[in-house]
Amino acid sequence: MDTIKALQSAEDHKVILSELRLKPQLVKDVLQEYKENQKRMQRLSERKLGLGLKIVMWGLRFYVVFMVVVVAINVSQSIH
Amino acid sequence: MMILLKETEIQGVKDFEIETSADMTNREDTSRALDRLQVLHARQHRRWLPLLWLLIGPGILVMLGENDAPSMLSYAATGSQFGIGFFLPFVLLTFVMAFIAQEITVRLGAISKAGHAELIYRRFGRFWGNFAMIDLLFTNFLTLVTEFVGIVAGAGFFGVPDYVAVAGGILVITSAYSFRRYWSWERTVLALAMFNLIFIPVAGMAHPNWGAVAHSFFTFSPLPGGLNATTILILLSDIGATITPWMLFFQQSAVADKGLSMHDVNQGRMDTAIGALLAAVAAIATIIATAPLFVHHMDASQFGAAQFAQALVPYVGHFGSAMFALGILEAGLVAATTISTSSAYAYGEVRRQAHSLNKLFQEAKPFYGILLGVLLVAGGVVAIPGFPLEYIVLVVNVLAVLTMPPAIAFLLLLVNDQEVMGEHKNTWLLNALGIGVAVFVSLAGLLYALSVIFPSLFQ
């Protein structure tokens, strides 16, 4: 309820950045979800890639390299 | 507190650590909290329009930002070489595909609060992350160079020397960062991005046959010349004018920096849809505006921005041409801003350094350093006399399309990652749509490769 009151207060008084800096608890409450999610992401580790997924990713990597060569050929053809 | 508790319950996260007051009152947090306070207040009082106003930004910016100088040149080339026909509905279709891809970044950013580069490194490791970053930074740099080509060409129409245009462009772009708040930066660039719609009145000045315009949307025709090598190049260039890797990185990072929560996803979707619609209308208007060049059989295949504006004088008048040149200039400015920001976000995320527009320069020197550095180098390249800029403009959209399939693969893997998305991971329908976009882009690339390696097949 404190946060809701603070929200109403924020609207009524058009709180500005410098005023908000003096209200660390309000900042903490408002950013609670944000901080939780950030921490959740920081705890994530590398996922294990299966063989199928590795094949797809290498396939896409070769696709890009091949296409860059094709673009180089196309530019060369355009110049000449 | 009820709203916040509800958000926590939905996520199912209970074991978070409470940060100290000192941590919580830094400038980045305070700025974001100020923005979130207004959002929470608007939602609490069911003020839906103010709520939408507060939450729009990343989607419109990314879509209008992608209507950049090479993209507008691609649309101008389309109109001048194919007129009103197949490409009008085709461009609309590419924006639908762009929406499908960008909507995923809204959910990823709102739920993970992490940038795209950060998530790729975290979940797939440095080896695969480096590949993604090479693709991004390489295409970003080339695209940035072409933005300055657009700035120089647009300003050149008004007699502004090249080096003055480059310096002026960098000054305008960096002044948007001087507000030192994400919100102020976003609103400034949004206002600038709205100038992209300047191509709409230019299209009206060209007095198009509106019946033919309507007919093309229903029939996807005519397509003069059929499916030849030129058509395929334009086709690929128009796809690259709408769907590119930097858009994925930028929007997810901007959504996280703006602080969107999972409750804001619908507004984030609306933001993306509005952006796609505005950008599609501007793109279609550009094709219509340059269609008179096709009707009058002018060879515009080697035209740059300034030549397009000059060539349009007999059909849209000097004022209309000036607006066209101004549009190219604006497109370059907005895209240079968003693309350089995309590079800086990605760099900061990968190096795990401060990367927020809510931070002061002193607090995020590498972030702002990369921003300024890429702008200066790209602008400097354009100022080099005799540098083959026309070839960079030619290939930049094509390269963007060709690097897109791995980017979409990472996007789909992340949005289906239970540990990242939890209950918000993709549904089968969204997966089908996403895979459809990936297949379409990949096949377009293969078609282009065939046209280059076996040109006789497409004569």
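Just so we're on the same page: letters track the sequence lines, and every chain starts at 1.
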Chemist: Between B/V420 and chain A, which part of the residue has a heavy atom less than 4.5 Å away: side chain, backbone, both or neither?
Modeler: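 When you check distances to chain A, atoms from both the backbone and side chain of B/V420 fall under 4.5 Å.
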
Chemist: With a 4.5 Å cut-off on heavy-atom pairs, point out which of B/A42, B/G445, B/A409 contacts chain A the most.
Modeler: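 Between B/A42, B/G445, B/A409, the count favours B/G445.
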
Chemist: Given that the side chain runs from C-beta out, which part of B/I453 has a heavy atom under 4.5 Å from chain A: side chain, backbone, both or neither?
Modeler: side chain

Chemist: Between the side chains of B/Y121 and B/N130, is a donor N or O closer than 3.5 angstrom to an acceptor N or O?
Modeler: yes

Chemist: Is any NZ, NE, NH1 or NH2 atom of the basic residue among B/R36 and A/E33 found under 4.0 Å from an Asp or Glu carboxylate oxygen of the other?
Modeler: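 The answer is no: the pair does not qualify as a salt bridge.
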
Chemist: Run the salt-bridge test on A/R61 and B/D135 with the 4.0 Å N-O cut-off and return the result as yes or no.
Modeler: yes

Chemist: Determine whether the side chains of B/D29 and A/Y34 contain a donor N or O and an acceptor N or O closer than 3.5 Å.
Modeler: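 No - no donor-acceptor pair under 3.5 Å links their side chains.
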
Chemist: If the threshold is 4.0 Å, N to carboxylate O, is there a salt bridge linking B/K258 and B/D35?
Modeler: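 No salt bridge links B/K258 with B/D35.
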
Chemist: Is it the backbone or the side chain of B/L260 that comes under 4.5 Å from a heavy atom of chain A, or both, or neither?
Modeler: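 Neither part.
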
Chemist: Under 3.5 Å, is there a donor-acceptor pair between the side chain of B/R32 and the main chain of B/N358?
Modeler: no

Chemist: Of all of A/L49, A/V68, A/L60, which one pairs up most often with chain B through heavy atoms under 4.5 Å apart?
Modeler: A/L60

Chemist: Could you check which of B/L399, B/L413, B/L119 has the highest count of heavy-atom pairs closer than 4.5 Å to chain A?
Modeler: B/L413

Chemist: Could you look at B/S442 and say if it's the side chain, the backbone, both or neither that has a heavy atom under 4.5 Å from chain A?
Modeler: both

Chemist: Measuring heavy-atom distances to chain B, does A/E46 have an atom under 4.5 Å in its side chain, in its backbone, in both, or in neither?
Modeler: both

Chemist: Given that the side chain runs from C-beta out, which part of A/R47 has a heavy atom under 4.5 Å from chain B: side chain, backbone, both or neither?
Modeler: both

Chemist: With the threshold set at 4.0 Å, does a side-chain nitrogen-carboxylate oxygen contact exist between B/E118 and B/R122?
Modeler: yes

